[in-house]
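Heads up, the thing below is written out as structure tokens.
The model shown is predicted, which means the values in this text are computed figures rather than measured ones. Lettering of chains follows the sequences in order, A, B, ..., and the numbering in each one begins at 1.
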Number of protein chains: 2
Amino acid sequence: MATIKDIAKVAGVSVTTVSRALNGYDDVNEKTRARIKSVAEELNYSPNAVARSLVKSKTETIGLLVSELSLSGAKDMFTYEIMCGINDSSSNKGFDLILFSTNSAKQKAKSYSQLCRERQVEGVIMQGVKIDDPYLIEVIDSNIPCVLIDVEIEGENVGYVSTDNVFGAQIAVKHLTNLGHRNIAIMNGHDQALVSQRRLTGYKKQLEEASIPFQENYVLNGNFNEQQAEEMAYSFFQERPEVTAIFCASDLMALGVMSAAKRLGLKVPDELSIVGYDNITLAQYVQPQLTTVDQDKYQMGYKAAKLLIDMLEGNKTNRKVILDNQLIIRETTAEPK
Amino acid sequence: MATIKDIAKVAGVSVTTVSRALNGYDDVNEKTRARIKSVAEELNYSPNAVARSLVKSKTETIGLLVSELSLSGAKDMFTYEIMCGINDSSSNKGFDLILFSTNSAKQKAKSYSQLCRERQVEGVIMQGVKIDDPYLIEVIDSNIPCVLIDVEIEGENVGYVSTDNVFGAQIAVKHLTNLGHRNIAIMNGHDQALVSQRRLTGYKKQLEEASIPFQENYVLNGNFNEQQAEEMAYSFFQERPEVTAIFCASDLMALGVMSAAKRLGLKVPDELSIVGYDNITLAQYVQPQLTTVDQDKYQMGYKAAKLLIDMLEGNKTNRKVILDNQLIIRETTAEPK
DNA sequence: TTGTATGCGTTATCAG
DNA sequence: CTGATAACGCATACAA
């Protein structure tokens, strides 16, 4: 492992000169620079980012905090696609990504700021955190820049990227009301998810616009879980045969609802219209193909990293990025009989 | 940002003592240790891993080198599931993960060992690299420990984890021959993938055991790409109506073949039996559900990280981990008519 | 244009 | 049991 010291010795100059030569300072003779460079190559030198970080107190590293990097997320490719976006965006800017995967056990052992300062990350991107996650409060107070995905907190050092979930839900439900449905249920996630709150709002909003009274007992919480959604839907539709359509806050849950419909002998879309949310890969492979609201996950990640790096570089940009989403009409929706 | 220096000042001791107290050395008075600890807490101290790394020349970091962390991999969750396994395994052992995503452009700019030494990673896991990847030669010569996934290179500092691809292909084809098929094609990936070579071997092996002559023109290369596989299959089956079954080296390609069959009006499985490889999520959602060979991707990642860490810790373990895979019989295979 | 000296935060060596 | 001091590899203020 050659160091600048070794190069200095061989090249017959001081370490200072080596450092400056290699870092492109212009106050160094081009001839010596050339010599130093060739020596560096000869010695197969590569700079030690650790040492450099220490002295510059800059690591060029951003932390990626995913609440659960687990197989449970394997079906919806949510986390993965976001990561791809983050990765592309940040590697463009020369930042490396370090993976912080935590669970509640680890959270107790190590606070958010400890985690960050320990690794000296310059900023962090958080994804998949619930609204009551203890780290969230820390983020606000902390002075290390952070961008949240799908959690709407804004501040001096914190921004977020999300999609317009109220709008997304509304176009989904509007599609249903336009088709003539009046009794529309909603399979929501859980109250700790901001997106769930928003989507419920969008659902209500569209009901109101269509002059349909909101009914509390038409809202179910499937916890974003396929099985759970299936079970809930199974018993729900037995009790509520008047319901002809359901809006689901995730495609995974929509899949669960489809299974329930199958078990109940309800024909989709003739007897039951279903619209999902996310546009996961599976959505276009199931039969019938799922009508859903598309979110550009890659773009969310990409923009998140971009925002963070802008913040790090001191660019005065909007700390709030809202992306569009769009309705993808496929085969699970139709007019009520 | 409090440092041990600050603590030392407040606690009225030297930095040495602080360091030792905090790191649990036993040659420090328990009373002073208690005092130091309380001061540390008070100052909200967290150790600077960068500084520590510099002096110990240990970063407790392993590099994850994925040839392409891209959306193209979003359908098969291959990379993601492997990452989950790696992450769980390595975080158990206190290693952090740093993401190196490269493409050929970056590879030209920076060599493998430069990449590693720069970030001072202690070891690396590589996934998704082709057999002719320039980094691969470097890995062998390099003295930094590395474990490859699905690339069978073994050495002083390099190990690998893979599944038994010969066996996997063989059980797939055996399933077909057992059903009575005699004219069996293979949709392989490409020659730069070791797994393709192995699976071809398995295919041939089983043909031989079933006394079926191997036919060169029954092997197609779909480049692990759904569209490409579809196109190739589309023209192939027009020319070769005698073929009643096909073994695909990936589920994605099997999906492509299914589309081709649909376009050609070939009924699956009655007129054409298809078996895939990977057991991706989609496999059980398509109609008919895909018969395939399951690989435990999570486990591959988990074992890879475990092997690497064993190597790092100097444990004398086998540098070669081969996992089982198993045939999952679903609905795309049947006896030939 | 180049070199000397200093420090980043930590651990290790050695002496007390 | 504790404290100076050096060292890790690099960058930078200042001097020459």
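Where the helix from C:dT1-D:dA16 to C:dG16-D:dC1 starts and where it ends, the local axes point in directions that differ by 40°; five pairs per end, rounded to 10°.
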Could you go through nucleotides 11-14 of chain D and list every protein N or O atom that sits under 3.5 Å from one of its N or O atoms, giving the distance for each pair?
unit_1, atom_1, unit_2, atom_2, d
D:dA11, OP1, A:N23, ND2, 3.4
D:dA11, OP1, A:R52, NE, 2.7
D:dA11, OP1, A:R52, NH2, 3.2
D:dA11, OP2, A:S19, OG, 2.9
D:dA11, OP2, A:N23, ND2, 3.3
D:dT12, OP2, A:Y25, OH, 2.6
D:dT12, O4, A:T16, OG1, 3.3

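Surrounding CD of A:E313 are more than 12 heavy atoms belonging to other residues, nucleotides or ligands, all under 6.0 Å away.
Between A:A2 and B:G12, the one whose closest nucleotide on DNA chain D sits nearer the 5' end is B:G12. Between B:A51 and B:D27, the one whose closest nucleotide on DNA chain D sits nearer the 5' end is B:D27.
Look at A:T3 and you won't find any side-chain N or O under 4.0 angstrom from OP1 or OP2 of D:dG9.
Atoms NZ (B:K5) and P (D:dT5) sit 13 Å apart, rounded to a whole Å. Atom CG of B:L22 and atom P of D:dT2 are 14 Å apart (whole Å). As rounded to whole Å, 10 Å separates atom P of D:dC1 from atom CZ of B:R33.
Contact footprint of chain B on DNA chain C: nucleotides with an atom under 4.0 Å from a non-hydrogen protein atom, first to last in 5' to 3' order, C:dC8 to C:dC14.
Between B:I144 and B:E122, every side-chain heavy-atom pair lies at or beyond the 4.5 Å cut-off. Taking the side chain as every heavy atom from C-beta outward, A:K320 and A:V147 never approach each other to under 4.5 Å. Here the side chains of B:Q120 and A:N48 are in contact, with some heavy-atom distance below 4.5 Å. Contact check for A:L64 versus A:I98: no side-chain heavy atoms found under the 4.5 Å cut-off. Side-chain contact between A:L65 and A:I125 is absent, with no heavy-atom pair separated by less than 4.5 Å.
Among the heavy atoms of the strands, none lies under 4.0 Å from A:S53. Backbone-only engagement by B:V13 is indicated by non-hydrogen atom pairs under 4.0 Å involving sugar-phosphate atoms exclusively.
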task: Take B:S46 and A:E118 through the side chain to side chain donor-acceptor pair (under 3.5 Å) test and state the conclusion after the steps.
output: CA-CA 6 Å; B:S46 64; A:E118 202 166 285; 5.7 Å; no

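Among all heavy-atom pairs drawn from A:V50 and B:S53, the shortest one is CG1-CB, 3.9 Å. Residue A:R119 comes nearest to B:T61 through the heavy atom pair NH1-OG1, 2.9 Å, listed as atom of the first residue, atom of the second, then distance.
When atom types are taken as modelled, the side chain of B:S142 and the backbone of B:I140 share no donor-acceptor pair closer than 3.5 angstrom.
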